[in-house]
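Written below as structure tokens is the structure these notes are about.
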There are 2 protein chains.
Amino acid sequence: MTESGSGTESGSARDPEAVSRFVERFAAQLVEAGMQRMPSRVFAALLASDTGTLTSAELSEQLQISPAAVSGAVRYLAQVHMVSREREPGSRRERYRVHSDQWYEALTSREAIIKRWEDALREGVASLGADTPSGRRLAQTLAFFEFIEQDVALMMERWRVYREERFGD
Amino acid sequence: MTESGSGTESGSARDPEAVSRFVERFAAQLVEAGMQRMPSRVFAALLASDTGTLTSAELSEQLQISPAAVSGAVRYLAQVHMVSREREPGSRRERYRVHSDQWYEALTSREAIIKRWEDALREGVASLGADTPSGRRLAQTLAFFEFIEQDVALMMERWRVYREERFGD
DNA sequence: CCTTAACTTCACAAATTTCTGAAAGAAGCG
DNA sequence: CGCTTCTTTCAGAAATTTGTGAAGTTAAGG
């Protein structure tokens, strides 16, 4: 007598256990890749939600964490453009949303980070000397990042074309 | 005979302070991006070295850390293919090296990690149902990673061509 | 074989990070 | 205006991570 399928009352009830299993598993992989735990879990929960949006209270309940933890996680995720915040009109509630389009870049290209790597490398080349062996190594590393920076932008463009073709829009 | 080399004060003598400044600055940016501190510092030191190789003792001294810390950092870096280890023939010394070619991919594409993301997403699609809104969102995310996985390989190929053109070889 | 140099592993102290409850801060609604 | 509902900030307890000294392991060189 499991509760499976119960609560068909309002909308299509999803199996909360299956959702939770996915959320925790995917979040664990994000953590492995260096993301903090709470942001990872919040993000995964949004990804697995029906509408791609959840309120603070829903997140708090679903993930069994305090409102404070939700607040901190969302602040981080918004900062790196992986979610955006929306005010529900006529309510103090806020909704958080994954924009299927935006977050890919945040997660993969990390433009801002690469920019700072480039800055550090430029300084290094200048101070060690462009004509020294180590200076040359740094210069080549810098060239690599400048190259992929350009190329990643083109790649994202190709993805959009491909997606439109395959998924319509 | 130790090759202190500090005699040449003009021109290409390496200024240890300038080196250290670069090492700490670049390492800090790697830390910001999620890498641990010691691996970051060791990696930056190798990048900034003249030959692209350093021994354990040299790293220990230059970075002011214990041999144990070097050992741990190198183990990690080797695991993710950012440095390789070489035995100095006829000595118990080991040299660690950055391969200007290999480490780019390790740092940027993170194949293994993306593979595990894909696995988690596939499971999610299966268990939530490919015909549900959330299932569709996960499927599209999965498609994105499969797409860039392919594309990144091509990008690295283009980089090699470009580099050869620009830097000779 | 035995010595010794070089690297690795391990247990633990210290530093850092993470998450919470409590209180304060906004903003709609009567 | 205050009441009420939701979110954010903050101090601190708990958990985790980090780097070290010391002991252990491996292998060169006599």
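The structure presented is a predicted model; accordingly, all values stated were derived computationally and were not measured. Reminder, nothing fancy here: chain letters follow the sequence lines and each chain counts from 1.
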Whole-Å gap separating C1' (D/dG19) and OH (B/Tyr76)
17 Å
Whole-Å distance between C/dA6 C1' and B/Glu61 CD?
16 Å
Starting from P on C/dA5, measure out to CZ on B/Arg87 and report it in whole angstrom.
16 Å
Mind calculating the distance between CG (A/Leu59) and P (D/dT7) to the nearest angstrom?
10 Å
Rounded to whole Å, please give me the gap between CE in B/Met38 and P in C/dT9.
18 Å
Counting any heavy atom closer than 4.0 Å, what does B/Ser56 reach on the DNA or RNA strands: base, sugar-phosphate only, or nothing?
sugar-phosphate
Just by distance, with hydrogens left out, do B/Tyr162 and B/Arg166 show a side-chain donor and acceptor under 3.5 Å apart?
yes
From the candidates C/dT20, D/dA22, D/dT8, the one with an atom nearest any side-chain atom of A/Ala68 is C/dT20
Given A/Glu24, A/Gln64, A/Gln36, A/Gln62, the one that forms side-chain hydrogen bond (donor to acceptor under 3.5 Å, both in side chains) with A/Arg41:
A/Glu24
Could you state the CD-P distance from B/Glu88 to D/dG29, rounded to the nearest angstrom?
11 Å
Nearest to the side chain of A/Tyr96, heavy atoms from C-beta on, is which of C/dC7, D/dT8, C/dT9?
D/dT8
Separation of A/Gln64 atom CD from C/dG21 atom P, in whole Å?
11 Å
With a 4.0 Å cut-off on heavy atoms, is A/Gly72 in touch with a base, just the backbone sugar-phosphate, or nothing at all?
nothing
Is the shortest side-chain N to carboxylate O distance from A/Glu86 to A/Arg95 below 4.0 Å?
no
Over all strands shown, is B/Arg85 touching base, sugar-phosphate only, or nothing at heavy-atom distances under 4.0 angstrom?
sugar-phosphate
5′-ward residue of the pair A/Arg37/A/Ala57 relative to DNA chain D
A/Ala57
Does this structure show an ion pair linking A/Arg116 with A/Asp119, if we count only N-O contacts that are shorter than 4.0 Å?
no
Nearest to the A/Arg92 side chain among C/dC7, C/dC19, C/dG28, which nucleotide is it?
C/dG28
DNA chain C: 5'-proximal contact among A/Gln36 and A/Pro67 (nearest heavy atom)
A/Gln36
Side chain of A/Ala69: nearest nucleotide among C/dA5, D/dT7, C/dC19?
C/dC19
Using modelled atom types and a 3.5 Å cut-off, is there a donor and acceptor pairing between side-chain atoms of A/Ser49 and backbone atoms of A/Leu54?
no
Distance, rounded to the nearest Å, where B/Glu94 contributes CD and D/dA28 contributes C1':
14 Å
